[in-house]
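Working notes for the structure below.
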Number of protein chains: 2
Amino acid sequence: MDHKPLYARIRDRLVGRLVSGSWTPGMLIPSEMELARQLGVSQGTVRKALDLMTAENLLIRRQGRGTFVAVPDEGRKQFQFFRLVPDSGEHLLPESRVTRRDTAAADAAEAAALAISRAAPVCRVERLRLLAGKPLLVETLSVPKARLDGFEALETIPNNIYGLYAARWGITIAGATEKLKAIAASKTDAALLGCATGEPLLCIERVAVDLENTPVEWRVSRCLTGEAHYLAELR
Amino acid sequence: MDHKPLYARIRDRLVGRLVSGSWTPGMLIPSEMELARQLGVSQGTVRKALDLMTAENLLIRRQGRGTFVAVPDEGRKQFQFFRLVPDSGEHLLPESRVTRRDTAAADAAEAAALAISRAAPVCRVERLRLLAGKPLLVETLSVPKARLDGFEALETIPNNIYGLYAARWGITIAGATEKLKAIAASKTDAALLGCATGEPLLCIERVAVDLENTPVEWRVSRCLTGEAHYLAELR
DNA sequence: CAGTGGTCTAGACCACCCA
DNA sequence: GGGTGGTCTAGACCACTGC
């Protein structure tokens with residue numbers, strides 16, 4: 001059972017330092033040699049663990065400088081989980097305007113997506129996001145109150161919410177699964193987006209997970225794709 | 001200029017064997033030790049090159065057996081470039097029905113996507129794809145005639161077209177870029193798909209590239225997403 | 001200049017597969 | 001048993017960074 005390779009167990013121990021908060025975003029971590037001494041393995045094994053974590057976007061290595069803990073929204077990483085880009089190709093972050101908030105027991109869809117019980121309370125936010133002043137999408141997100149206690153009392157919801165999860169609750173969003181469909185705009189969405197009812201919208205349903213692969217957030221976005229598109233790279 | 005690391009240059013030489021066809025899909029390639037001798041580098045360097053190629057889905061390594069050239073449509077790899085899955089979760093390959101074919105000079109969109117001139121001839125295929133007998137999507141694909149000569153004379157277009165590119169022209173599709181939008185069904189698409197004109201469709205525009213990153217195929221799919229969705233994993 | 005990560009080598013032992 | 005890839009170690013040299 002515990003016959004994972006040594007480098008994988010080293011990785012797990014180092015991820016533990018991230019989860020426990022003893023390594024914080026942006027921080028310089030000890031050198032390979034130092035870690036090898038601390039952990040009682042060779043430098044090569046530490047390197048393999050660090051390379052794994054680098055591939056997972058958890059660390060950033062810089063020759064001559066050292067190895068750093070990745071900060072969620074650094075440079076392009078801001079867009080790691082935002083694949084909707086203007087047709088013109090520029091990558092801009094949209095502004096946000098919160099249109100609704102509440103806290104209540106999870107509905108069936110939320111309970112399934114977040115792997116929690118129907119009775120568990122969730123906090124919800126609906127917000128409109130605009131690019132260069134024009135409505136781009138409206139999204140509804142739900143998080144388990146148990147996991148992000150105090151979310152419902154936040155005065156403002158920052159634009160970059162994954163940075164908030166990290167700063168306030170020490171939760172790093174490590175990945176997400178998205179399901180895309182084309183739908184017709186509902187009356188309320190159309191009003192928010194300033195388009196016609198029935199207009200085709202790109203619907204993105206996302207479950208975001210933390211380092212331990214536990215669902216943290218469920219989000220459904222309805223996007224106008226007249227001047228933007230969702231970009232996917234397949235390799 | 002040429003100061004790429006040794007393992008990267010080894011990778012390029014080995015990719016060359018794939019491109020030239022001296023290594024063919026499914027084939028067992030020489031062992032690490034043998035390659036190290038042939039190429040005059042250490043086993044560790046060969047390993048790093050092979051690991052790279054494995055990560056690119058070009059090779060498959062099996063402990064105790066050896067290293068094999070990946071077969072484009074082996075097992076789940078059939079779906080490497082087919083991200084549209086039924087909501088039920090099963091992964092089935094759709095049947096295809098060709099609805100139109102022609103060969104002509106490239107239009108502006110094709111020339112831009114395939115990086116060829118307007119005068120260059122392209123072969124086009126439009127086909128309807130069905131899942132369990134129900135229309136799922138209609139797609140139009142264009143390939144440069146110069147690159148896939150004889151394509152226009154094919155009697156049948158196989159369901160798995162990337163396997164054909166490999167078998168007939170020795171071209172391996174190594175990656176693709178997809179742009180997604182929500183659009184309203186045109187009259188002709190609606191007729192093919194058996195839906196109402198104006199019905200929201202998921203439009204997937206894909207440029208597929210070969211091992212050397214040269215565009216090989218341009219494809220635009222219009223999909224019904226009533227009972228299926230496009231699945232994306234973000235890491 | 002010293003310290004870091006990046007590359008490259010050499011060799012050991014293991015787990016797995018097949019004849 | 002002999003060969004394969006998978007893991008782990010140890011040490012060398014290089015390229016880059018900052019003092």
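Order of the sequence lines fixes the chain letters, A, B, ..., with proteins taken first and strands second; residue numbering starts at 1 for each chain. Just so you know, these numbers use all the heavy atoms, side chains as well, and skip hydrogens, waters and symmetry mates.
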Under 3.5 Å, N/O pairs linking protein and nucleotides 17-19 of chain D:
from: D/dG18; atom 1: OP1; to: A/R65; atom 2: NE; distance (Å): 3.3

Apply ring-ring contact (aromatic ring centres under 6.0 Å, His included) to A/Y165 and list each qualifying residue two or more places apart in sequence or on a separate chain. A/Y162
Under the rule for side chain to side chain donor-acceptor pair (under 3.5 Å), what residues qualify as partners of [X], not counting sequence neighbours?
X	result
A/R97	none
B/R219	B/E139, B/E217
B/E34	B/R37, B/Q38
A/T54	none

In whole angstroms, the gap separating P of D/dT4 from CZ of B/F68 amounts to 12 Å
Taking DNA chain C as the partner, which of residues 32-45 of chain A come within under 4.0 angstrom of it by heavy atom? A/E32
Going by the salt bridge (Lys or Arg N to Asp or Glu O under 4.0 Å) test, which pairs reach into residues 17-26 of chain A, not counting sequence neighbours? none
Can you pull the salt bridge (Lys or Arg N to Asp or Glu O under 4.0 Å) pairs that have at least one residue in residues 144-159 of chain A, sequence neighbours excluded?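 Counting only pairs at least two positions apart or across chains, the salt bridge (Lys or Arg N to Asp or Glu O under 4.0 Å) contacts touching residues 144-159 of chain A are A/K145-A/D149, A/K145-A/E152, A/R147-A/D210.
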Side-chain donor or acceptor of B/N57 paired with backbone N/O of B/A174 under 3.5 Å: no
Toward the 5' end of DNA chain D, by each residue's nearest nucleotide, B/I29 or A/A8: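 Mapping each residue to its closest nucleotide by heavy atoms, the 5'-most match is B/I29.
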Which residues share a side-chain contact (heavy atoms from CB on, under 4.5 Å) with B/S42, sequence neighbours left out: B/T45
For D/dG5, does OP1 or OP2 lie under 4.0 Å from any side-chain N or O of B/T67? yes
With heavy atoms of chain A within less than 4.0 Å as the criterion, where does contact along DNA chain C begin and end? C/dG3 to C/dT7
Tell me, please, which residues at least two apart from A/E95 pass salt bridge (charged side-chain N to carboxylate O under 4.0 Å, His left out).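 Result, salt bridge (charged side-chain N to carboxylate O under 4.0 Å, His left out) vs A/E95: none returned.
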